[in-house]
Number of protein chains: 2
Amino acid sequence: MATGRTHRPATRSRGIPEATVARLPLYLRALTALSERSVPTVSSEELAAAAGVNSAKLRKDFSYLGSYGTRGVGYDVEYLVYQISRELGLTQDWPVVIVGIGNLGAALANYGGFASRGFRVAALIDADPEMAGKPVAGIPVQHTDDLEKIIDDNGVSIGVIATPAGAAQQVCDRLVAAGVTSILNFAPTVLSVPDGVDVRKVDLSIELQILAFHEQRKAGEEAAETDGRRRPVAARKTPADKGPDGDVPAVMPA
Amino acid sequence: MATGRTHRPATRSRGIPEATVARLPLYLRALTALSERSVPTVSSEELAAAAGVNSAKLRKDFSYLGSYGTRGVGYDVEYLVYQISRELGLTQDWPVVIVGIGNLGAALANYGGFASRGFRVAALIDADPEMAGKPVAGIPVQHTDDLEKIIDDNGVSIGVIATPAGAAQQVCDRLVAAGVTSILNFAPTVLSVPDGVDVRKVDLSIELQILAFHEQRKAGEEAAETDGRRRPVAARKTPADKGPDGDVPAVMPA
DNA sequence: CCATCTTTGTGCACGCGTTCACAAAGACAT
DNA sequence: ATGTCTTTGTGAACGCGTGCACAAAGATGG
């Protein structure tokens, strides 16, 4: 690919594999839950189960960060929370702007998980003059005209795009020109960005289509092994072990 | 891992790699755009650029579906749209239920991309009695009590969870027990499901944390090569080639 | 101080996904 | 018909990520 290098050397530069980085937030969440329950230590086995991953994988992941465990005992929860937070850069404040305050943008602004860890919604931006001044999630919406000034004034380096597909590239260009170097894109479009800018994308439609593929395959297999009957799904269902499933975490430099 | 097999044999069973499946929706989107502009054929190079991937990768992906191209010419747009749609199972109707009609759930219900390709929002479900009957996106919200009946009546096999984290597992269990075999999870939790059920997860918080990691690394590198100055971000920015970036599409069986 | 038991950290092998590079296939012109 | 030119389809090499299996480390008890 053309500029796939955008983030790839990134990974190698500090030695932590991209796949591992993508799992760190998962571990952090599980650890935070343990911390709130005042659990002092966890074994890799327990933590792996809570995070939904293989314990060997978890240990290997942690080994990239250093040797923070104690053999025969496990990991110190508080210490690990701190180390992972630091590694992810969550010990500092990250002002974020959301561009495109429609249904989704408003939902994102209200989303609690945003503010939870170092992320702060610094501003909401929309192209509709009607929206200007209206408060959403307690924050007044500002007009796109002031985008550059807003980015600059707040020292924003992370932008979230929740505009319609048609406006996404244009918004992206302006964000990047204004100094944003990381973008989370919810618009169903492929964004072109200069080298050095990270883009991650979240696409509901794509996720559903992938599910549909597997769903279709399941229906086909079922038809093959038993019979053409397919609708009363509730009838057929794997009793199966309810082992905490979980494969690869989300990864996707777009 | 425990039940990671959930979807893995799936892939092998019909020979199409999971990574390829995850990219098919991307190609489909690009092809649809071309179709609307009445473009008859595309080369792998052009289509790859539009989808933001490597052309060799695209050709290999298509090779798993069969030989639909013509050497020296390229691919027939309409034919390819049909083939990919069929492969993804989008030629049939997929009734979907959304559980948890808060800010996010409502945004999802209003999301146009949902209905666009074979997906139809069959019902909205919420635990709040106050919501019952209220129309969201033109569809009346129904109470959780009727979940099983709704799933059964509409023959739903795909469920979307947009509830708070605390309720997610419980909702998931009920969906699965009622016959749902594919789940798209927006709640920040690891879901346990029986074998044979596919779960994909979308987690805003995780995506942001991954961006923060790279952002921090960029700042660190910058500090190392030039100086400690970091704040006036707008100053430093890669002029760089604007090559249509894009690596791997979203993949993530949870 | 020694033995035993638990749990980490990792060397190694395997498989998947990506990419290169090129031969084969077909279109098109002469 | 023959040659040239374009573009596909794929064999092969490479690298990353995963998981096994075990040795080393340390805790704990006698």
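Being a predicted model, the structure only gives us computed values, none of them experimental. Naming: A, B, ... by sequence-line order, numbering from 1 per chain. The figures that follow rest on heavy atoms only: side chains count, while hydrogens, waters and symmetry mates do not.
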Between the protein and nucleotides 1-4 of chain D, which nitrogen or oxygen pairs come in under 3.5 angstrom?
none

### Query
What is the distance from CG of N54(B) to P of dG9(D), rounded to the nearest Å?
15 Å
### Message
Using side chain to side chain donor-acceptor pair (under 3.5 Å), reason through S205(A) and Q209(A) one step at a time and then give a plain yes or no.
### Response
CA-CA 6 Å; S205(A) 170; Q209(A) 289 175 47; 2.9 Å; yes
### Task
Could you grab the distance from atom CG of N185(B) to atom OG1 of T189(B), nearest 0.5 Å is fine?
6.0 Å
### Task
Let me see the working for D76(B) and T41(B) under side chain to side chain donor-acceptor pair (under 3.5 Å), right down to the final yes or no.
CA-CA 5 Å; D76(B) 182 283; T41(B) 61; over 6 Å; no
### Task
Remember a base hit wins even if backbone is also touched, and classify F62(B) as base, sugar-phosphate or nothing at under 4.0 Å, heavy atoms.
nothing
### Message
Using every non-hydrogen atom in the two residues, find where A168(A) and I161(A) come nearest and quote the distance to one decimal.
### Response
O-CD1, 3.9 Å
### Task
Rounded to the nearest angstrom, tell me the gap between atom CD in E18(A) and atom P in dT18(D).
11 Å
### Task
Give the rounded distance in Å between these two atoms: NZ of K57(A) and P of dA21(D).
17 Å
### Message
Test side chain to side chain donor-acceptor pair (under 3.5 Å) on S35(A) and E78(A); report intermediate values, then the result.
### Response
CA-CA 7 Å; S35(A) 173; E78(A) 296 299 334; 2.7 Å; yes
### Query
Please give, in whole Å, the distance from dC16(C) C1' to I16(B) CD1?
16 Å
### Message
Hydrogens and angles aside, do T91(A) and R86(A) bring a side-chain donor and acceptor to less than 3.5 Å of each other?
### Response
no
## Note on the structure
For nucleotides 25-30 of chain D, 5' to 3', base contacts (B), sugar-phosphate-only contacts (S) and non-contacts (-) with protein non-hydrogen atoms under 4.0 Å give B-S---
### Task
Check whether any side-chain N or O of Y64(B) sits under 4.0 Å from OP1 or OP2 of dG17(C), and answer yes or no.
no
### Query
Y75(B) OH to dT6(D) C1': how many Å, rounded?
13 Å
### Query
Is there a donor-acceptor contact under 3.5 Å linking the side chains of T20(B) and D61(B)?
yes
### Summary
In this structure, CG of L175(A) is separated from CD of Q170(A) (nearest 0.5 Å) by 11.0 Å
Show me, pair by pair, the donor-acceptor contacts under 3.5 angstrom made by side chains of residues 67-74 of chain A, not counting sequence neighbours?
| from | atom 1 | to | atom 2 | distance (Å) |
| --- | --- | --- | --- | --- |
| Y68(A) | OH | L65(A) | O | 3.2 |
| Y68(A) | OH | Q83(A) | OE1 | 3.0 |

### Query
E46(A) has an atom CD; how far is it from atom P of dT6(C), in whole Å?
14 Å
### Query
Does S44(A) put a side-chain nitrogen or oxygen below 4.0 Å from OP1 or OP2 of dT7(C)?
no
### Task
Check every atom of dG17(D), dG9(C), dT7(C) against the side chain of S67(A) and return the nucleotide holding the closest atom.
dG9(C)
### Task
With the side chain of A19(A) defined as its heavy atoms from C-beta on, choose the nearest nucleotide among dT18(C), dG17(D), dC12(C).
dG17(D)
### Query
Does any N or O donor sit under 3.5 Å from an N or O acceptor when you compare the side chain of K60(B) with the base of dT18(C)?
no
### Query
Of T20(A) and R59(B), whose nearest nucleotide on DNA chain D comes first from the 5' end?
R59(B)
### Task
Mind checking the CH2-CZ spacing from W94(B) to F119(B)? Nearest 0.5 Å is all I need.
8.0 Å
### Summary
When rounded to whole Å, the CG to P distance for the pair D61(B) and dT18(C) reads 7 Å
### Gap between atoms CG and P, on L65(A) and dT8(C) respectively (whole Å)
15 Å
